[in-house]
Amino acid sequence: LAKTTQPISMDSYEGQEVNITCSHNNIATNDYITWYQQFPSQGPRFIIQGYKTKVTNEVASLFIPADRKSSTLSLPRVSLSDTAVYYCLVGDLFQKLVFGTGTRLLVSP
Amino acid sequence: DAGVTQSPTHLIKTRGQQVTLRCSPKSGHDTVSWYQQALGQGPQFIFQYYEEEERQRGNFPDRFSGHQFPNYSSELNVNALLLGDSALYLCASSARLSGGATDTQYFGPGTRLTVL
C-alpha cells in the first residue's frame, strides 16, 4: 500500500483558498487518490477522487501532476464550517482504505 | 435516499462484556466495511463483508467478528471487551464492481463505544 505524507495542520481565514498537498512517492499504476473530510465524532465524508490530471466537483478540486507522486486538494473560499480533518488516501479499488493521521485544517474568522 | 446508518450512537460497557454494533448500508450498496477510530487517530480497517462472507481482514484479534445479512446489513461483534477497545466504530458501504473491486466507500456516523 502506498504511504502518504501530508501536513499535520494548516490554518486559514474565511474566504481564502486552501491547498493541502499530499505526497505519495510509491503510488502504483492501479492506485487512485481519494480525499475524505471528517468532523469530530462523525464518520469521514467523501470529498473527491482522481487518477490523473485534474478533477473538480461542487466541493473541491484535485490536482495530480503527471508523475502522480503527489496531489493537491484545493478548497475554494473556505468557511468556518470547513474546519475539519482532511485525509489523503492512495490505493486501488480492491484495497481496504488506509488512513493516516490526516491534516487538521482550522479556519478562522 | 438514506445514507449509511448505524446503531446505537453511543454505548457504555464494562471490561469483559460483549457488544454488538449494527450497520445498514446505503441504498444500492452490497459491501460493508468496519473501521475502528481511536481518539486522535485515523480510522483503522477491521474487516469487509460481501455476499455474507468476510472478504478482507485487518490486524485485529479474533475477538472482533462480524456478520452480513441477506439484506446487506451488517453487525460487528466484540467479545471480552478491553479498555483499549474504547473508540468510534465506523461502518462504510460501497458497491461491488466487476472483478472484485469496490466503488467509493461512504461512511456512517459511527458508534461511540466506551469501555469502563
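Letters A, B, ... are given to chains in the order of the sequence lines, protein chains preceding strands, and every chain is numbered from 1. None of these values were measured; they are calculated from a predicted model.
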(request) Considering only heavy atoms and a distance below 4.5 Å, find which of Q38(A), R104(A), Q49(A) pairs most often with chain B. (result)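 Option with the greatest count: Q38(A).
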
Which bit of [X] is near chain A, if near means a heavy-atom gap under 4.5 Å: side chain, backbone, both or neither?
X       : result
Q56(B)  : side chain
P109(B) : backbone
Q44(B)  : side chain
F47(B)  : neither
L39(B)  : neither

(request) State whether a side-chain donor-acceptor pair under 3.5 Å links T20(B) with Q18(B). (result)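 Q18(B) and T20(B) do have a side-chain donor-acceptor pair below 3.5 Å.
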
(message) With a sphere of 6.0 Å drawn around OH of Y32(A), does it hold more than 12 non-hydrogen atoms of other residues, nucleotides or ligands?
(response)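 Not more than 12 within 6.0 Å, no.
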
(message) Please find the pair of heavy atoms, one from L62(A) and one from G50(A), that lie closest to each other, and give the distance.
(response)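 Heavy atoms of L62(A) and G50(A) come nearest at CD2-N, 3.5 Å.
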
(message) Please find the pair of heavy atoms, one from V4(B) and one from K26(B), that lie closest to each other, and give the distance.
(response)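 Taking V4(B) first and K26(B) second, the nearest heavy atoms are CG2-N, 3.8 Å.
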
(message) What part of R45(A) gets within 4.5 angstrom of chain B, counting heavy atoms only: side chain, backbone, both, or neither?
(response)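 For R45(A), there is no contact with chain B at all, as no heavy atom is under 4.5 Å.
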
(message) Let's test your reading of the structure: which of S33(B), C91(B), P43(B), G40(B) forms the most heavy-atom pairs below 4.5 Å with chain A?
(response)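 Among S33(B), C91(B), P43(B), G40(B), the one with the most close pairs to chain A is P43(B).
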
(message) Taking the six-membered ring for Trp, are Y35(B) and F107(B) closer than 6.0 Å centroid to centroid?
(response)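 For Y35(B) and F107(B), the ring centres are under 6.0 Å apart.
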
(request) Before accepting this row, confirm whether a basic side-chain N of the pair D85(B)/R63(B) lies closer than 4.0 Å to the acidic partner's carboxylate O. (result)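 Salt bridge between D85(B) and R63(B), a charged N being under 4.0 Å from a carboxylate O: yes.
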
